[in-house]
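Just the heavy atoms: all of them, side chains too, but no hydrogens, waters or symmetry mates, feed the values below.
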2 protein chains.
Amino acid sequence: MNQVKVTIFEDNKHLRESLFYLINGTEGFTCAGAYPDCNDLLFQLKKSLPNVVLMDIEMPGINGIEAVKLIKQHFPAIQVLMQTVFHDDNNIFNAICAGASGYILKTTSPAGYVEAIKDVYNGGSPMTGSIARRVLELFQRNISPAASTDYQLTPKEKEILQQLVKGKSFKMIADAIGSTYETVRTHMKNIYAKLHVNSNTEAVSKVLHEKIV
Amino acid sequence: MNQVKVTIFEDNKHLRESLFYLINGTEGFTCAGAYPDCNDLLFQLKKSLPNVVLMDIEMPGINGIEAVKLIKQHFPAIQVLMQTVFHDDNNIFNAICAGASGYILKTTSPAGYVEAIKDVYNGGSPMTGSIARRVLELFQRNISPAASTDYQLTPKEKEILQQLVKGKSFKMIADAIGSTYETVRTHMKNIYAKLHVNSNTEAVSKVLHEKIV
DNA sequence: AAAAACCTCACCCGATTGTGGTATATATCA
DNA sequence: TGATATATACCACAATCGGGTGAGGTTTTT
């Protein structure tokens with residue numbers, strides 16, 4: 001198995017050095033660098049090209065969340081593992097939205113650190129239950145809007161809406177479904193009434209947001 | 001602190017009874033029932049109204065995923081903790097989409113079981129790193145499409161698009177951003193050129209699909 | 001058999017939008 | 001200082017769309 005290359009960004013000197021020695025002292029892991037801030041973030045990453053970045057959330061200058069964004073923008077393959085002293089859900093949640101792959105508390109044991117890094121490297125996402133829950137809830141809301149209002153759309157109406165959200169005009173839709181322009185318009189009128197909207201944009205917006213059709 | 005009421009659905013008799021005694025034997029926890037299948041699921045839940053349901057994924061008759069759907073439909077407040085023998089990502093992932101709040105492997109220690117139940121009850125979502133990663137990836141894709149094509153939209157153009165996807169007409173947008181109808185139209189022309197579209201619906205569709213703005 | 005949904009098509013009118021111009025002011029950049 | 005990007009604004013014409021109305025047909029339900 002290849003060596004897992006890790007780069008550390010952590011302002012606390014003691015922890016930074018401890019982690020450096022921990023990682024270098026663990027079989028299968030190498031620490032490609034340990035820095036107190038993110039000022040030369042991209043340059044340092046370009047030089048070392050690590051597999052995993054261990055990133056402190058609270059840092060002077062560029063903070064951890066901004067750093068994650070930058071990293072994922074320029075090196076999408078690098079996995080970022082956040083670490084933090086506090087169990088600050090919001091911050092961690094933002095970090096995850098920015099592209100982080102997991103996070104651990106600084107109170108984690110050395111063995112736990114290694115475990116988490118390994119997990120991230122192997123495609124996992126270590127995180128505590130409360131963060132996981134927040135992600136889950138937003139996720140579940142995005143996947144299935146639960147009992148989305150039933151607008152009682154007929155099959156034909158749904159078919160037309162599907163075409164509409166593709167950006168087609170009434171004329172093109174008529175063509176696509178083998179019908180007349182006027183028929184499509186009639187259906188649209190009925191759709192508008194059912195969705196309580198009064199323009200095609202509004203309809204498309206509603207359909208895409210509420211995952212109708 | 002209140003007693004945490006747990007109901008178990010698990011076809012393996014040995015495990016079911018072990019869990020029953022484990023939970024009843026742990027301070028702060030009560031087992032409100034332990035059943036080998038989900039045939040009378042809703043009736044049993046209605047009777048016991050547990051805080052947490054421990055649900056096996058693989059079961060004869062109604063399987064765990066269907067069961068979760070039913071539970072969340074009728075008792076959205078009940079937290080469902082899935083358990084499974086295999087580390088079957090897809091199944092667990094489906095369970096989570098169906099509304100489960102976490103999951104554990106059956107190889108988990110008794111202490112781990114109790115810990116997970118407590119975590120779920122307290123609003124957490126225990127899960128392994130690999131599941132968390134799958135959720136995260138889908139989640140991040142829904143939140144930020146990573147490096148979506150950059151259309152070089154100006155701030156004003158983005159602002160107008162934001163209004164447009166709300167279903168507003170050009171006139172209303174002009175009003176909202178304190179500008180003229182004609183100005184909005186000019187911006188729209190530029191937007192169309194940049195997005196390579198030629199109708200407002202197409203623009204809205206593209207914006208919502210690619211998470212621009 | 002009557003009623004209710006659903007799909008179909010057409011015409012009118014006024015409002016909105018698409019397209020192609022032109023033009024000024026500002027700010028930033030080279 | 002000239003070039004570029006951005007925001008602003010207006011005009012005209014053709015095309016499309018929203019709203020209203022009416023009216024055939026089928027299928028399913030009652």
Side-chain angles (χ1 to χ4, degrees), chain A residues 42 62 66 70 73-74 147-213, chain B residues 147-213:
Chain A
L42 296 178
I62 301 172
E66 289 307 314
L70 283 170
Q73 221 170 69
H74 295 87
S148 87
T149 325
D150 186 13
Y151 292 101
Q152 308 255 93
L153 295 168
T154 69
K156 208 71 187 182
E157 287 165 353
K158 286 182 185 170
E159 191 187 352
I160 288 179
L161 274 180
Q162 280 166 9
Q163 299 288 326
L164 191 73
V165 298
K166 287 184 190 167
K168 299 197 179 180
S169 69
F170 293 175
K171 231 180 238 178
M172 293 163 76
I173 294 175
D175 231 51
I177 67 172
S179 198
T180 311
Y181 170 68
E182 287 298 337
T183 302
V184 173
R185 273 164 54 72
T186 304
H187 283 303
M188 284 307 298
K189 289 170 199 168
N190 296 329
I191 290 171
Y192 287 172
K194 287 182 182 176
L195 296 190
H196 304 293
V197 299
N198 38 36
S199 78
N200 51 9
T201 11
E202 229 177 320
V204 169
S205 179
K206 193 153 194 170
V207 166
L208 290 181
H209 276 128
E210 304 188 16
K211 321 251 185 209
I212 312 168
V213 304
Chain B
S148 82
T149 325
D150 186 13
Y151 292 101
Q152 308 255 93
L153 294 168
T154 69
K156 209 72 186 181
E157 287 164 354
K158 286 181 187 170
E159 192 186 352
I160 288 180
L161 274 180
Q162 280 165 9
Q163 300 287 326
L164 191 72
V165 299
K166 288 184 189 166
K168 299 196 178 180
S169 70
F170 294 175
K171 230 180 239 177
M172 294 164 75
I173 294 174
D175 232 51
I177 67 172
S179 196
T180 309
Y181 170 68
E182 287 297 338
T183 302
V184 173
R185 277 161 55 75
T186 304
H187 283 303
M188 284 307 297
K189 290 173 202 170
N190 296 328
I191 290 171
Y192 286 172
K194 287 182 181 176
L195 296 190
H196 305 296
V197 300
N198 39 37
S199 78
N200 51 8
T201 11
E202 228 178 322
V204 168
S205 180
K206 193 154 195 167
V207 166
L208 289 181
H209 276 128
E210 306 188 16
K211 321 260 181 202
I212 311 166
V213 305

To the nearest 0.5 Å, what is the distance between [atom1] on [X] and [atom2] on [Y]?
{"X": "A/Thr186", "Y": "A/Ile160", "atom1": "OG1", "atom2": "CD1", "answer": "9.0 Å"}
{"X": "B/Asn190", "Y": "B/Lys156", "atom1": "CG", "atom2": "NZ", "answer": "13.5 Å"}
{"X": "A/Ile177", "Y": "A/Lys168", "atom1": "CD1", "atom2": "NZ", "answer": "10.0 Å"}
{"X": "A/Ile191", "Y": "A/Lys158", "atom1": "CD1", "atom2": "NZ", "answer": "11.0 Å"}
{"X": "B/Leu161", "Y": "B/Glu159", "atom1": "CG", "atom2": "CD", "answer": "10.5 Å"}

* To do: Encode nucleotides 11-20 of chain D as B, S and - characters from 5' to 3', where the letter depends on protein heavy atoms closer than 4.0 Å: B to the base, S only to sugar-phosphate, - to neither.
  => BB---SBBBB
* Name the nucleic acid region contacted by B/Thr154, choosing base, sugar-phosphate or nothing; use a 4.0 angstrom heavy-atom cut-off, strictly under. =>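 Sugar-phosphate contact only.
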Pairwise side-chain contact, [X] with [Y], heavy-atom cut-off 4.5 Å (strictly under):
{"X": "B/Leu195", "Y": "B/Glu202", "result": "no"}
{"X": "A/Met188", "Y": "A/Leu164", "result": "yes"}
{"X": "B/Asp175", "Y": "B/Tyr181", "result": "no"}

* To do: Could you list where the contact with chain B starts and ends along DNA chain C, reading 5' to 3', using a 4.0 Å heavy-atom cut-off?
  =>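 Reading along DNA chain C, I get C/dT16 to C/dG21.
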* **Interatomic distance, A/Lys156 NZ vs D/dT26 P [rounded to whole Å]** =>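 Nearest whole value for this atom pair: 16 Å.
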